[in-house]
Amino acid sequence: MSSNVMVLVEAEAGGVTDATVELIGKARELATAWGGAVEAVVLGPGEVGTGLGGADTVVRVEHPGLATYLPEAYENTLAELLVTRSPRLLMLANSTVGLDLGAALAVAWDAELVAYVVGLQTEGTTAVATAQILGGKILAEVGMAAERGVVTVVPGSFPAALGRVAGEPELVTVDAPGSLGSLRMRLERLVTPEGGDVDITAAPMLVSVGRGVGSADNIELAQEMADYLGATVSSSRPVVDAGWMPKSRQVGKSGLTVTPRAYLAFGISGAPEHLEGMRDSELIIACNTDENAPIFDVAHYGTTTDLFELLPALTGRLGG
Amino acid sequence: MPEHPGAVALEVTRTVFQGIDLAGKSLFYVVSTAVILVFLYGWYRRVDKYRQGRPAGRGATFWRAVRGKADVGPAGRRDTRTVGTLAASSTIARRDTSAGIAHFFIFWGFIVAFVATVILTIDHDIVGPVSNALFGHTDSFFHGPFFVVYSLTVDTFGFAFLVALVSMAVRRGIRRPFKLGYGRAQNPDQGYSRGRYVAGDWVFLGLLIAILVTAYLLTGARILSQGDPWFTALTPFGRTVAEIYSGLGMTPAAAATVHTYLWWVHAALALAFVAYIPYSKAMHILVDGVNLLASDRRATRDLPGPVPGADHAGYQQISDFTWKELLDLDACTKCGRCHDVCPARTAGAPLSPRDLILDLRQWVDTAEHGITLLDRESRPDATGPLAPAGEVPIAGGVIPAATLWACTTCMACVDICPVGVEHVPLIVELRRSLVEEGQMDPTLQTAMKNLATQGNSFGKSARMRARWTKGLDFTVTDARKEPVTYLWYVGDYASFDDRLQENSRLLARLLHDAGVSFGILYEDEWNSGNDVRRAGEEGLYEMLAEHNIAALAAAGFQEIFTTDPHTLNTLRNEYPARGASYTVWHYTELLAHLLDTGALPVRPLGRTVTYHDPCYLARYNEVVQAPRRILTALGCELVEMPRNRANTFCCGAGGGRIWMDDSMLTERPSENRIREAALLDVGYFVVSCPKDMTMYSDAAKTTGNDATLTVLDITRLVDEALVRPAPSVGAMDVLT
Amino acid sequence: MRIVVPMKAVPDLVEEIEITADGTGIDREYLKFVLNEWDDQALEEALLVKEATGAEVVALGLGSDPDIDASLYTAIAKGADRAVRLTGAGEVPDTATRARAVAGYLRDHPADLVITGVQAPDDLDGQLPATLGALLGHPHVSVVVSVALVTDPPEPPAVRVRQEFAGGRAAELVVDLPAVIGLQAARQAPRYAPISRIRQVMAAGGIEQVDPGLAPGSATGASGLAVRRMHAPEKTSHAQMLTGSADEVAGQIVDLLRSRGLVKG
Ligand SMILES: Cc1cc2nc3c(=O)[nH]c(=O)nc-3n(C[C@H](O)[C@H](O)[C@H](O)COP(=O)(O)OP(=O)(O)OC[C@H]3O[C@@H](n4cnc5c(N)ncnc54)[C@H](O)[C@@H]3O)c2cc1C
Ligand code: SF4
Ligand code: SF4
């Protein structure tokens with residue numbers, strides 16, 4: 001066993017994801033305290049993106065079967081790396097990848113897992129994790145007793161700046177496990193977001209609606225207000241799942257991350273998955289009838305006025 | 001059959017079959033027999049259809065009505081009708097006096113004509129032949145004073161009948177009130193035509209008018225041919241026609257010939273009409289009396305439970321309907337009154353109670369290879385009610401789901417229908433089928449799920465129900481722990497909606513000040529289920545009712561009062577069937593009582609206000625006096641809404657509508673109502689239902705009337721008028 | 001084909017959640033429990049697969065979950081063929097234990113496909129689908145938004161699933177059966193089960209009770225996480241609340257936007 005912290009690198013078109021950079025920053029802190037190293041695992045062939053300067057080692061497995069994400073291939077590869085390199089802690093983002101791999105690797109590696117982590121500290125040779133559960137209503141502090149553990153971290157929990165440091169990590173290339181030849185799943189097709197609709201990530205102002213609007217028809221109210229405001233309408237996930245808004249308007253973990261100058265949330269509870277996608281907006285104003293809704297913890301201004309009253313009132317104020 | 005030769009001019013009678021020879025008579029009898037067979041067959045087909053219905057439990061109602069006995073509702077209005085209602089055409093005269101009067105004369109004119117024919121038949125075809133066979137000479141009672149009275153009656157009633165028919169024709173053809181227009185509220189994609197309905201109406205009216213006109217032309221010709229004996233003065237209208245004939249230069253001989261021709265025309269028309277009755281709109285002559293006498297408004301207040309022994313919820317096939325409901329479908333005369341008053345129709349929703357009934361009738365007819373000749377709708381494609389049997393479901397196919405969901409269950413249709421059609425229970429039955437199939441608004445589904453898990457539609461934790469009491473400076477008694485006089489059934493809106501909680505606290509304070517012993521059930525109060533039931537979620541209603549009944553049984557109280565008229569309805573009228581009978585008051589009744597007894601001392605406010613009667617309070621439960629007594633006690637001048645009391649107009653929230661999307665409406669019922677009030681020149685729109693408070697505050701804003709019209713709960717007025725204890729003596733000392 | 005849908009009852013998030021006296025858990029006594037919303041989605045997707053293929057759908061719950069029977073009966077009312085209640089997993093099983101109980105059941109009653117919610121609001125020690133997949137040694141995929149049986153070569157049996165990523169990207173994968181799917185959202189909103197039907201089903205009974213015995217799990221995970229403390233997040237940065245009538249609040253919001261130059265005038 002080592003005192004190293006291993007981080008799985010996720011990349012997107014523009015390079016390493018922000019979530020990965022955050023993890024590396026935090027890993028740096030932990031590894032320093034433990035006197036270990038930060039190992040960034042990059043799977044698949046091709047260029048290693050920039051942004052891994054905070055890592056001591058970049059561990060690469062260049063098998064072509066890892067070129068695009070495939071849950072089983074990644075899981076098998078990582079499982080082997082965990083055994084061969086035995087870090088003290090494996091850090092994953094709580095993304096689709098984290099949801100696929102975290103708990104499975106914990107079983108395979110026989111380690112403890114803490115999910116939905118928003119805080120991490122060292123305590124001697126172990127870590128203390130703070131996780132956010134029950135829709136953000138409760139924080140749980142877990143002492144990670146074992147000497148090996150896995151955490152899946154809610155993106156946005158740690159400052160990315162810590163990870164965004166210059167450095168020349170050592171490059172280690174490792175062979176892929178033989179099991180990649182006999183996988184029980186295969187990728188058929190990658191789907192890119194449907195174009196054509198407006199790009200909510202480019203909108204300076206967003207009027208975002210959540211399940212509180214109740215039905216597709218009520219979205220009209222928000223649209224009307226947004227028209228007067230010159231804003232774009234976006235939404236939380238359930239609104240998209242119900243078919244009331246196109247997928248291209250979804251803000252959050254499985255949608256888009258937005259940082260508009262103003263984000264006006266109506267009837268959105270503020271689940272961690274949603275907050276992930278909008279917490280860095282310049283100005284957040286939330287309308288939710290539940291005074292305890294977690295959205296108020298990230299909003300700058302809030303009101304418990306009923307959205308069905310507030311939207312028309314706003315439209316009125318804006319000249320409607 | 002010998003006539004009365006030579007006696008024509010002398011004996012006070014007239015000749016039956018005057019101028020008709022034996023061959024003619026034989027032909028007449030043959031044709032008559034055929035007509036009667038056709039009539040009986042048509043009638044048999046109808047009755048056979050009704051017999052497919054389930055028992056309705058209305059036999060006793062019907063026979064009581066026949067004996068002239070009506071069941072009376074909570075405040076003295078009749079829930080069932082009697083033969084008297086029928087005889088007076090009073091349900092038709094309600095809010096349409098001229099139509100009522102016209103129908104009265106048509107009704108009695110028809111009966112007189114019918115009885116007259118029966119008398120003639122008895123005299124001519126029974127008394128005559130029988131006496132001839134027994135005694136060898138043909139007797140008749142059709143002469144002398146009897147004949148005179150007979151003639152006078154037939155002549156005058158006939159004329160009134162004719163005038164009434166013509167006035168109806170003028171109404172339908174020239175005045176054309178909105179309610180007689182046949183435009184559908186829900187427009188089928190492929191279009192439709194109701195030209196045959198119009199044709200059916202005119203054939204019906206036209207045939208009757210033609211029969212009467214020929215009758216007078218015939219009578220005139222007879223009188224002239226008889227030489228106008230003295231006694232024809234007692235056939236004044238017939239004689240007038242005779243005078244016109246002779247004025248035109250007709251001789252008695254020519255009149256006799258004309259008479260013969262006219263006789264055939266008249267007979268042909270009359271026989272055609274008889275044959276036509278069971279195959280047309282005219283069937284209402286046979287059906288509607290029964291339907292009206294079997295009708296019972298209570299079925300709307302206290303809805304029927306699930307069909308016993310059925311393997312499905314709601315209505316899916318003809319045999320699910322009761323015979324009364326099948327009769328309802330045929331009973332509708334398309335008078336359009338329900339179409340006129342329906343708030344859903346008014347608001348532009350795809351529902352008209354009239355169309356609903358007509359569509360169901362059409363669907364049953366199609367399934368049964370109907371025998372209606374005209375009086376039906378046509379569509380280019382056989383869709384909806386015209387679809388072949390079994391091809392589309394009733395709920396969601398024959399009647400579109402959006403139509404069924406549009407109903408606010410305001411009961412205006414049931415209340416106004418002159419022939420006792422009960423739309424609301426039918427709509428609820430069809431909604432039950434929709435719920436069974438999960439065909440409901442997502443918002444309604446959410447509300448139902450919330451009700452099932454937390455007992456309230458707000459999706460708030462049940463434990464928060466009594467949170468509104470937090471702002472009070474006293475603790476509201478927990479009736480589960482401490483006995484009280486009144487149990488206050490607060491209801492979801494008054495408990496959970498933050499805009500209404502202040503009002504609930506006001507009421508609590510008033511009662512506290514008045515020394516009333518009252519308590520609440522805290523988290524054990526669940527939604528009473530009135531609107532859940534009307535939304536067709538019978539299982540959820542049962543679940544809520546069972547829970548509440550158990551909670552009530554475990555609490556200590558004497559009587560109940562509630563803030564919510566919907567709750568009032570189900571607690572008062574529906575819970576007893578589940579073994580929970582309590583005296584249930586509306587809070588306006590309690591407040592009125594406290595004002596009467598002086599427990600709440602008030603000073604006059606001197607305001608001019610109008611008052612909105614909630615459907616579930618006024619129309620369903622006839623609580624109309626208590627709020628008015630309060631307003632009087634507060635020294636307010638009440639300017640009545642044009643539509644008030646039982647004729648009130650729905651706010652649009654009932655029957656589960658409050659949980660559904662209303663964006664398809666062109667004008668919300670609440671907005672329509674506020675506009676009605678805005679014309680009254682009053683400053684206050686007083687309400688007595690929490691849902692009304694939300695609906696109308698909103699409507700006042702959206703219609704731009706909020707600056708001039710303040711929507712107020714009646715509690716607030718009482719509070720403002722209340723004379724609180726005088727300031728302390730010390731303070732008074734300083735002042736003097 | 002046999003589809004098993006493990007379901008979990010979780011605290012209704014509309015409730016105010018309280019912490020136990022020792023501060024390490026949530027006080028479950030007065031809490032209302034409801035079906036995990038993602039499990040509801042999973043059930044819907046399973047029923048859609050059933051409608052397309054005639055598969056058998058088995059709803060599975062843990063007897064220790066409060067009110068789980070209501071969810072199991074509801075599942076039958078919606079169209080599940082059977083409902084099974086597992087016992088023997090302890091009072092408040094964590095995900096690891098839950099997965100071992102489900103794996104124990106599946107060992108004796110194998111399924112071709114397991115579809116369950118991608119996560120639950122309280123699965124602190126990880127999500128069920130991945131844990132279960134690893135325990136069973138089956139391929140597993142999470143954050144899935146549609147599942148369909150692959151009908152074009154029929155052998156070996158497989159499902160085609162759509163997995164979602166951030167930014168609206170997605171992947172279509174073909175996964176050999178048996179497999180475990182963590183469902184994010186069904187292709188259509190979960191259907192409504194009328195209460196009368198649920199009550200009929202309830203009256204008929206018919207939940208099978210099985211004590212499967214726990215499948216062996218990871219030695220470390222078995223002891224459970226050492227939760228030191230649970231608490232509501234300190235409201236360090238709570239929003240500044242705007243109050244007043246709707247119109248007044250609207251006015252304040254417009255002013256805020258105006259002061260930032262976002263509203264002209
Ligand atoms: C893998 C994964 C990825 C996910 N990705 C995303 C994502 O990208 N984006 C996302 O949004 N979610 C995502 N989720 C879902 C997330 O967990 C929550 O379920 C979701 O964000 C909740 O949406 P909501 O706030 O609109 O609905 P709810 O949580 O149901 O909140 C509705 C809110 O409206 C309020 N409200 C109700 N009526 C009114 C009214 N009249 N006026 C004012 N307020 C009212 C209520 O108080 C409530 O707080 C993801 C989940 C998973 C597991
Ligand atoms: S109850 Fe009211 S809303 Fe429903 S059909 Fe009758 S009149 Fe229309
Ligand atoms: S249902 Fe009654 S009120 Fe409505 S049109 Fe028919 S007869 Fe008239």
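Lettering follows sequence order; numbering is per chain, from 1. For the numbers below, each heavy atom of this structure counts, side chains included, while hydrogens, waters and symmetry mates do not.
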Heavy-atom pairs under 4.5 Å with chain A - which of [options] has more of them than the others?
{"options": "C:Ala134, C:Ala99, C:Pro121", "answer": "C:Pro121"}
{"options": "C:Met230, C:His138, C:Glu37, C:Arg228", "answer": "C:Arg228"}
{"options": "C:Val254, C:Val227, C:Asp247, C:Thr131", "answer": "C:Asp247"}
{"options": "C:Ala170, C:Pro11, C:Ala166", "answer": "C:Ala170"}

Contact part of [X] toward chain A, heavy-atom cut-off under 4.5 Å: side chain, backbone, both or neither?
{"X": "C:Val143", "result": "side chain"}
{"X": "C:Ile19", "result": "side chain"}
{"X": "C:Val145", "result": "side chain"}
{"X": "C:Leu177", "result": "neither"}
{"X": "C:Ala120", "result": "backbone"}
{"X": "C:Ala232", "result": "both"}
{"X": "C:Thr243", "result": "neither"}
{"X": "C:Gln188", "result": "neither"}
{"X": "C:Gln252", "result": "neither"}
{"X": "C:Leu257", "result": "side chain"}
{"X": "C:Glu15", "result": "backbone"}

- Message: Could you check whether A:Asp241 and C:Gln41, counting side-chain N and O atoms only, form a donor-acceptor pair closer than 3.5 Å?
- Response: no
Any heavy-atom pair between the side chains of [Y] and [X] that's under 4.5 Å?
{"X": "C:Arg260", "Y": "A:Met205", "value": "no"}
{"X": "C:His238", "Y": "A:Asp297", "value": "yes"}
{"X": "C:Arg169", "Y": "A:Leu190", "value": "no"}
{"X": "C:Gln163", "Y": "A:Asp100", "value": "yes"}
{"X": "C:Asp125", "Y": "A:Leu113", "value": "no"}
{"X": "C:Gln184", "Y": "A:Arg237", "value": "yes"}

Report the distance from atom [atom1] of [X] to atom [atom2] of [Y], rounding to the nearest 0.5 Å.
{"X": "C:Gln240", "Y": "A:Ile285", "atom1": "CD", "atom2": "CD1", "result": "10.5 Å"}
{"X": "A:Leu187", "Y": "C:Glu172", "atom1": "CG", "atom2": "CD", "result": "9.0 Å"}
{"X": "C:His231", "Y": "A:Glu141", "atom1": "NE2", "atom2": "CD", "result": "5.5 Å"}
{"X": "C:Leu124", "Y": "A:Ile138", "atom1": "CG", "atom2": "CD1", "result": "11.5 Å"}
{"X": "C:Arg229", "Y": "A:Thr130", "atom1": "CZ", "atom2": "OG1", "result": "8.0 Å"}
{"X": "C:Ile253", "Y": "A:Leu283", "atom1": "CD1", "atom2": "CG", "result": "9.5 Å"}

With only heavy atoms counted, which part of [X] is less than 4.5 Å from chain C, the side chain, the backbone, both or neither?
{"X": "A:Ala140", "answer": "both"}
{"X": "A:Thr96", "answer": "both"}
{"X": "A:Tyr116", "answer": "side chain"}
{"X": "A:Leu105", "answer": "neither"}
{"X": "A:Glu75", "answer": "side chain"}
{"X": "A:Glu273", "answer": "side chain"}
{"X": "A:Val128", "answer": "side chain"}
{"X": "A:Thr304", "answer": "both"}
{"X": "A:Gln250", "answer": "neither"}

- Of A:Glu72, A:Arg186, A:Met185, which meets side-chain contact (heavy atoms from CB on, under 4.5 Å) against C:Asp176? A:Arg186
For the candidates [options], which exhibits the highest count of non-hydrogen atom pairs separated by less than 4.5 Å from chain C?
{"options": "A:Thr305, A:Leu139, A:Val240", "result": "A:Leu139"}
{"options": "A:Ala242, A:Ala104, A:Pro204", "result": "A:Ala104"}
{"options": "A:Lys137, A:Glu309, A:Met144", "result": "A:Lys137"}

Might you point out which heavy atoms bring [X] and [Y] nearest each other, and give the distance in Å?
{"X": "A:Gly136", "Y": "C:Pro233", "answer": "O-CG, 3.5 Å"}
{"X": "C:His140", "Y": "A:Pro71", "answer": "O-CB, 3.9 Å"}
{"X": "A:Gly302", "Y": "C:Ala239", "answer": "N-CB, 3.8 Å"}
{"X": "A:Ala313", "Y": "C:Ala246", "answer": "CB-O, 3.7 Å"}
{"X": "C:Leu135", "Y": "A:Val107", "answer": "CD2-CG1, 3.8 Å"}

- Task: Might you work through the side-chain contact (heavy atoms from CB on, under 4.5 Å) test for C:Arg162 and A:Glu188, ending with a clear yes or no?
- Result: CA-CA 10 Å; C:Arg162 190 183 175 105; A:Glu188 242 186 6; over 6 Å; no
- Task: Return the orientation label for the A:Tyr69 and C:Phe165 ring planes: parallel under 30°, perpendicular over 60°, tilted otherwise.
- Result: perpendicular
